[in-house]
Amino acid sequence: MRTSGTSPDVVVVGAGIVGAAVAWRAVGAGLTVTLLDPRPGDGATHAAAGMLAPVSESWFGESALARLGMAGLAAWPRFAADLRRATGLDTGLREAGTLVAAYDADDVAHLRRWLALHAELGLEPTELTGTSARRREPLLGHRVAGAAWVPGDHVADPRATCAALDVALHAHPGAAVVRHAAVRLERDRGTVVGVHDDAGTLHRAGAVVLAAGWRSAGLADVPVRPVRGQTLRLDAPPGTAPEHVVRGRVQGRPVYVVPRPLGTGSGPGTTPEHREVVIGATSEEGPDDRRPSAGGVFALLRDARALVPALDEAAFVEATLRARPATPDNLPLVGPSATPGLHLATGHHRGGVLLAPLTADAVVAGLTGAALPAALADAAPDRFAPSSKEPETWPRPCPPRTPS
Ligand code: GLY
């Protein structure tokens, strides 16, 4: 066994958007950090569409998650601005609202139940007539029976954000990125004091942050399981991509369509007017298997083109499957754990991109001995109030969630 040279203040295990954001905010707070990941950004972040959608992803029985999501969304603009200042790079944050579409009469009935839930939660979507929905989004399919407008649900680009974080971390003298996998935590009389990697090196540190997505469960006793999500990427020529994020239900199945600028040179004939369109996402319980399924790809394309038929003209670029880290109650595990030396930044399930900036602030607060952001405790006091850090309070039973 080798021991890495000098011990940093912190080892962060996992360089997805959450781990990388934690590492970047930690060096910003004056800590030295080693970030450990064999393939930074290649986990759930790689599949994610970047939905910042606490309202349109809210669900019955999950008001704490909705409040947490609102707090997560509020942390994004400062995070994006700070990252742009540090690197000159764009996170793809686009604050343009989301159109929620309902395909048939049953989907409209569901939309109305969901609007009633929003009224209870104090959220603000507005039901639209078909005409006003098409005025807002002219490419909406003519069979779409109903819609709502969610002005506050936005989108960012997870891959661009991870690339910017990578640049920021490589430029920072306090950060080291080590491309190896963590295999085991090192403990000394119950305190976590480091991480062993798959090259046989022990990275000792003052604290370890577990941000390894669903793989976190292989390193510590945390109730995180893989829930697979498939997304598709298209290259949409001018006039075929929607203006806004369009999401909704098609005969009971959830789907979303996310347009964003596509870099030139992405494919033959690609111009600045082309859009990348991300279609997502399946939600499948089961072990991580990165091969997209024929049925998943088919269903996503069928439902996306029901909402936006012009997508038929787009080039099919990619189908990607990665597993999200889900917890029994769908709330993430964030902040100091009951094990001394071990801090958590995992279990974000469908909200990894949305909650990355808030999670980074919270974990750095925990590392530096500051109070966790009040937004966490306000959103979910049972989970994040200082007295609720015992591990037995984490895996609260909760019915499986049907994604919106
Ligand atoms: N938040 C979007 C998804 O997980 O599919």
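Counting starts at 1 for both ligands and their atoms, following the listed order. Since this is a predicted model, take the numbers as computed values, not measurements.
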K.L.:
Using a strict cut-off of 4.0 Å, indicate which atoms of ligand 1 neighbour a heavy atom of Arg324.
P.N.:
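Checking each atom against Arg324, I get 3 (C), 4 (O), 5 (O).
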K.L.:
About how many Å separate CG of Leu99 and CG of Leu128, when rounded to the nearest 0.5 Å?
P.N.:
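So the gap between those two atoms works out to 6.0 Å.
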K.L.:
Count the heavy atoms of every other residue, nucleotide or ligand shown that sit under 6.0 Å from CZ of Arg305, and state whether that count exceeds 12.
P.N.:
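Not more than 12 within 6.0 Å, no.
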K.L.:
Looking at Trp149 versus His118, is the centre-to-centre ring distance below 6.0 Å?
P.N.:
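Aromatic pair excluded; centres sit 6.0 Å or further apart.
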K.L.:
Look at atom CZ of Arg302 and say whether more than 12 heavy atoms of other residues, nucleotides or ligands are closer to it than 6.0 Å.
P.N.:
yes
K.L.:
I need the atoms of ligand 1 closer than 4.0 Å to a non-hydrogen atom of Tyr256, numbered in the order shown.
P.N.:
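Counting atoms of ligand 1 from 1, those under 4.0 Å from Tyr256 are 2 (C), 3 (C), 5 (O).
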K.L.:
Out of all atoms in ligand 1, which are within 4.0 Å of some heavy atom of Ala281? Include the element for each.
P.N.:
5 (O)
K.L.:
Just need the protein heavy atom nearest to atom 1 (N) of ligand 1, so name the residue and atom and give the distance.
P.N.:
Arg350 O, 2.7 Å
K.L.:
Indicate, as side chain, backbone, both or neither, the part of His349 found under 4.0 angstrom from ligand 1 when only non-hydrogen atoms are considered.
P.N.:
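Neither part.
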K.L.:
For the residue pair Phe79 and Trp24, does the interplanar ring angle fall in the parallel (under 30°), tilted (30 to 60°) or perpendicular (over 60°) class?
P.N.:
perpendicular
K.L.:
For atom 2 (C) of ligand 1, what's the nearest protein heavy-atom neighbour? Residue, atom name and distance, please.
P.N.:
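Scanning the protein heavy atoms, the shortest distance from atom 2 (C) of ligand 1 goes to Glu57 OE2, 3.1 Å.
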